[in-house]
Amino acid sequence: MAFISSGYNPAKPMEGRISDIGPRKYDSFFPEVIAKNFGKWLYHEILEPGVLMHVAESGDKVYTVRCGGARTMTTVHIREICEIADKYCGGHVRWTTRSNVEFMVTDLETLKALKADLASRKFAGGSYKFPIGGTGAGVTNIIHTQGWLHCHTPATDASGPVKSLMDTVFSDFQNHRLPAPVRISLACCLNMCGAVHVSDIGIVGIHRKPPMIDQEWVDQLCEIPLAVAACPVAAVRPTKEDFNGKKINSVAIKQERCMYCGNCYTMCPALPISDGEGDGVIIMVGGKISNRISRPKFSKVVVSYIENEPPRWPTLCATVKRILDVYAENAHKYERLGDWAERIGWEKFFELTDLEFTPQLIDDFREQAYFSWRQSTQFKFSELAAEAYKGAEAHAEAANAGVTEEDKATVYNWLVEKTNKPGAKTKFYFNQFLELFPGASPRKVKNVLTALVDDEKVAYWSSGSTTMYGLKGAGKQGATEEGK
Amino acid sequence: MAKHATPLLDQLESGPWPSFVSDIKQLAESRAKNAQGLDYQIPTDAPEDLLGVMELSYEDKETHWKHGGIVGVFGYGGGVIGRYCDQPEKFPGVAHFHTVRVAQPSGKFYSTEYLRGICDIWDLRGSGLTNMHGSTGDMVLIGTQTPQLEEIFYELTHKMDVDLGGSGSNLRTPAACMGMSRCEYACYNTQLACYQLTQDYQDELHRPAFPYKFKFKFDGCPNGCVASMARSDFSVIGTWKDDIKIDQDAVKEYVAGNFAPNAGAHSGRDWGKFDLQKEVIDLCPTHCMSWDGSKLSIDTKNCVRCMHCINTMPRALHVGDDRGASILVGAKAPILDGAQMGSLLVPFIPAEEPFDEIKSVIEKIWDWWMEEGKNRERVGETIKRLSFQKLLEVTELPAIPQHVIAPRTNPYILFKEEEVPGGWTRDIAAYRQRHLR
């Protein structure tokens, strides 16, 4: 290989440099019919799945054939797209936000030939190159991320699960049988490079193990402060470690705080996170972006873990297919998946889809968790709900156990010792007395205190809202109130 | 004969959906054949080594890519992402495999001449693998080596008249829906707004000085096809103030069953005869519509512009003529504080060239966030930390009921000292005159 210069001179990088020019202007790429009718479109109709007709005020019509495609695409494939666009579309083509390819023509005859041509093209392995579909109340292309193809923090692959899922739901890519559009997205880790959190069905790769610390390399590969700063939950802190008899700069990780995002690994290659048996995916459902009928809403986690099963992720695919089919069968016309789940109630969603409700599905992240719990007596019964309560065995005898003189002495002597220290506290919360009786029922400890109050050795102090215990007569306010 | 056996990946070649594995294989074959006699500037067998390293990931269920790096082009802080393989000896063709983000045209229309120009550069100087497109919107060129970066940039700017996109703590490549180019719902020219602001903020895009990333996206109507409200810090969504335009004759055609409801989107199943009352009037979220059997009426004052009636009868109903946009701010993915959607900041703003009104809001937010935002804090999180009131203050907007779903339920109101007569400095001696200890 001989290096071929573009004309760039490394010795003088600013010589002839062009920068800050941005993208090409969009209208320089318009087909004639688009340029002519820009802003003057009247209405549209989906003639069949994957084929749209837009009608302009001028009476002009443009027919669009939408084709699915892997977003990971080679120049060989792009050149084939160009060849088709040259043949039928005057040298123009467009991509959608969801990585579909759109070919536009202006007459029905060309449309017919274009459709036949697109449908006939297959890869050597047998898959379609340009499957027509992705419109209306069906499934369109899956938005996704890089995965094992090109990312450093993925917990799953992206292209592989997406290919497998699209094969599984392919008939719905080419049909309009669903109650409303279903948008599926996949992100290969929590960082979610894509709007997975607001999808009808979102697949998210998750790690389940905190990063390892490669002590041999950490001091050589990492700028420790950057790795510390990279952690969004402050689980990483700098520390010194002994390694092979040498003091080295390293990090310590608070494992129970880690949420496995991999941001520290981005900054520090000595903190690898991926793990074949720990990693996998979750499924989130019911999100929507459109403001149509109901407001936009977030997706909710309905499957807390599925292991990675390359090359075809069969459990994931079967689960998504089941959710899709149950939704198709039960939702009303125009009802998005999340609107349907909310109308019937999430308890009914789990019953109909036969998905297991696990403890991990109850939110426990910060204050917003509370708002997803049920502050209502309104719920629908299921077998589990009817039987969740297991009986009264827990009502302990220990609570009513007798109070001995020894118990009282333990409390009294402790109080005297605490109170008599100069400048010490004189009032104590109930839970401080629990420590004097390790393992005992709190209700028993209460009985000890009640007995001491009855003996006039201990008194209550109350602010009106909070009550504390102290030796009778002790403390500054005690003196004031008793007029001393 | 393939360089590496890939029995697992080979199973992704069957089935109807386009196979990326088959596509990469045809690329490998094309490079090996080299019909054009190119002097490939990175290893010819890069696609084969890519399949090889991916097969390895399919075996052990772990990625084999490492971290980013300081690669880039002179003077730019973004646009190139370094990527290195952790098995460089087994897969030398992808040992260094950097990403180049290329700014996409708004709405993603292309000419084949342009696409072939990009392909020519990328075949010679890169792996030939792309994403059409990345999640933010760029055309993503996957896989090249450091010495090629300046050459690629030089050819992109000199031959193709196009620039790199954003990455890192800067303005990310803005994106728009297709807008007026082929959609009757577009309430403003999303493509022009996107293009104009991208041009005006080139410095912010290429030279990072923000606490973290910042994204603009432009949706033409509340249907939100580019998902601006879910994934952009600053979301501009088309809307209108006046009446939805009604063609009463066309409404009757829908009622009579002569026009396909919802533009034919439900054609795959027999949902029965179109029922205007049940499918439109009763589903209107504010019940502001009525139908007396011959005339459809909409009470504009109670309409929230959800688009349902327009989507359902696109030949009969059209967005109004007094158009502009709503601005929502603060959307982001879950890291860290949980996912956020954009919150309504400006109910209505003119969205006409040169977009000075929109720019004035953006710049006020930047001035505040660049000073107050913590490192790696998205503006949505800054707003949560410092309050929506603070955002209103810095953007000089009055508080209005439209900003909330409901007023606060807690009484922990933080008044400013100047809002309370007499301020907060008080005289304890005077107090004791009135109250004995």
Side-chain angles (χ1 to χ4, degrees), chain A residues 6 8 13 18 20-24 26 29 34 38-39 41 43 45-46 54 70-77 82 85-86 91 94-95 97 123 125 127-128 136-137 148 152 154 159 163 166-167 170 175-177 192-195 197-198 232 269 274 276 289-293 308 310-311 333, chain B residues 8 11-13 15-20 22-23 26-27 30 57-58 61-63 65 67 74 103 105-106 108-109 111-112 119 128 131-132 135 150-151 154-155 157 163 180-181 184 191 198-199 202 222-224 227 230-231 263-269 271 306-308 314-315 333 336 339:
Chain A
S6 60
Y8 170 74
I18 299 176
D20 297 83
I21 57 174
R24 286 278 283 268
Y26 54 95
F29 293 135
I34 297 294
F38 188 88
W41 296 100
Y43 70 91
E45 211 177 306
I46 311 171
H54 286 81
R71 86 161 199 175
T72 300
M73 193 172 268
T74 70
T75 48
V76 177
H77 194 63
C82 290
D86 280 350
R94 141 169 220 270
W95 270 261
T97 300
F123 283 110
S127 64
Y128 289 110
W148 294 335
H152 62 296
S159 307
K163 157 73 174 153
M166 284 309 295
D167 281 342
F170 187 72
N175 198 334
H176 291 163
R177 70 154 180 149
M192 285 196 194
C193 309
H197 55 302
V198 195
S274 64
I289 286 156
S290 161
N291 287 273
R292 184 174 188 174
I293 303 177
N308 280 322
K333 191 178 179 186
Chain B
L8 293 171
Q11 294 177 53
L12 288 169
E13 291 201 84
W17 189 252
S19 168
F20 69 101
S22 299
D23 193 9
Q26 71 171 4
L27 174 69
S30 157
S57 282
Y58 270 56
K61 303 195 237 180
E62 291 171 358
T63 191
W65 298 101
H67 68 98
F74 186 79
S106 297
K108 301 192 177 91
F109 285 85
S111 72
T112 54
C119 288
N131 284 149
M132 296 295 283
S135 298
E150 287 289 354
E151 311 300 323
Y154 192 93
E155 293 198 337
T157 50
D163 208 336
M180 291 180 164
S181 59
E184 67 270 26
Q191 291 165 291
T198 306
Q199 294 298 332
Q202 280 289 295
N223 281 329
R231 57 198 191 116
H266 287 88
S267 61
R269 201 199 293 195
W271 290 95
C306 84
M307 297 296 293
H308 176 62
R315 296 184 73 163
L336 160 72

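Only a predicted model underlies this, so the values are computations on that prediction, with no experimental measurement involved. In what follows, chains carry the letters A, B, and so on, assigned in the order in which the sequence lines appear, proteins first and then strands, with residues in each chain numbered from 1.
No side-chain donor-acceptor contact under 3.5 Å links A:Ser127 to the backbone of B:Pro16. In terms of modelled atom types and a separation under 3.5 Å, the side chain of B:Gln202 and the main chain of A:Gly22 share a donor-acceptor contact.
Between chain B and the options A:Pro310, A:Ala85, A:Gly136, the largest number of non-hydrogen pairs under 4.5 Å is found for A:Pro310. Annotation: maximal heavy-atom pairing with chain A below 4.5 Å, among B:Pro105, B:Cys119, B:Gly264, occurs at B:Cys119. Among the candidates B:Gly224, B:Pro314, B:Pro222, the residue making the largest number of heavy-atom pairs closer than 4.5 Å to chain A is B:Pro222. Chain A forms more heavy-atom pairs under 4.5 Å with one residue of B:Ala227, B:Ser30, B:Gly15 than with any other, namely B:Gly15. No other option in A:Thr97, A:Val76, A:Ile46, A:Thr74 has as many heavy-atom pairs under 4.5 Å with chain B as A:Thr74. For chain A, the option among B:Leu8, B:Thr157, B:Asn131, B:Leu27 with the highest count of heavy-atom pairs below 4.5 Å is B:Asn131. Between chain B and the residues A:Asp20, A:Thr75, A:Ile34, the most heavy-atom pairs under 4.5 angstrom are made by A:Asp20. Of the listed residues A:Met166, A:Arg177, A:Arg71, A:His197, the one with more heavy-atom pairs under 4.5 angstrom with chain B than any other is A:Arg71. Across A:Pro154, A:Ala70, A:Ser274, the residue that shares the most heavy-atom pairs under 4.5 angstrom with chain B is A:Ser274. Of the listed residues B:Ser57, B:Ala230, B:Cys306, the one with more heavy-atom pairs under 4.5 angstrom with chain A than any other is B:Cys306. When each of B:Ala265, B:Ala333, B:Ala339, B:Gly128 is checked for heavy-atom pairs under 4.5 Å with chain A, B:Ala265 comes out on top. Contact tally against chain B (heavy-atom pairs below 4.5 Å) for A:Cys193, A:Ser159, A:Pro269: the top residue is A:Ser159.
The contact between A:Asn308 and chain B is made by backbone and side chain atoms together, counting heavy-atom distances below 4.5 Å. Contacts between A:His77 and chain B at a heavy-atom distance below 4.5 Å involve backbone atoms as well as side-chain atoms. Contact of B:Ser267 with chain A is made through backbone and side chain together, with heavy-atom distances under 4.5 Å. Only the side chain of B:Gln199 comes within contact range of chain A, with heavy atoms under 4.5 Å apart. Interface residue B:Thr198: only side-chain heavy atoms are found under 4.5 Å from chain A. With a 4.5 Å cut-off on non-hydrogen atoms, A:Phe170 touches chain B through its side chain but not through its backbone. Interface residue B:Arg315: backbone and side-chain heavy atoms are both found under 4.5 Å from chain A.
The two residues A:Phe123 and B:Gln26 come nearest to each other via the heavy atoms CE2-NE2, 3.6 Å. The two residues A:Phe29 and A:Arg24 have their closest heavy-atom pair at CE1-CB, 3.6 Å. Taking all atoms of both residues into account, the shortest heavy-atom contact from A:Ser6 to B:Glu155 is CB-CG, 3.5 Å. B:Leu12 and A:Pro311 make their closest contact through CD2-O, 3.3 Å (heavy atoms, listed as atom of the first residue, atom of the second, distance). Of all heavy-atom pairs between B:Asp163 and A:Ile21, the closest is OD2-N, 2.8 Å.
A donor and an acceptor atom, one from each side chain of B:Ser22 and B:Glu13, are located under 3.5 Å apart.
Summarising the geometry, atom CG belonging to B:Asn223 is positioned 11.5 Å from atom NE2 belonging to B:His308; distances are rounded to the nearest 0.5 Å. Taking OG of B:Ser135 as the start and CZ of B:Arg231 as the end, the distance is 7.0 Å to the nearest 0.5 Å.
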Checklist entry - Going through the distances and angles, do A:Arg94 and B:Ser181 end up as a side chain to side chain contact (heavy atoms under 4.5 Å, CB included)? => result CA-CA 11 Å; A:Arg94 141 169 220 270; B:Ser181 59; 5.8 Å; no

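The 12-atom threshold is exceeded at OH of A:Tyr8, counting heavy atoms of other residues, nucleotides or ligands nearer than 6.0 Å.
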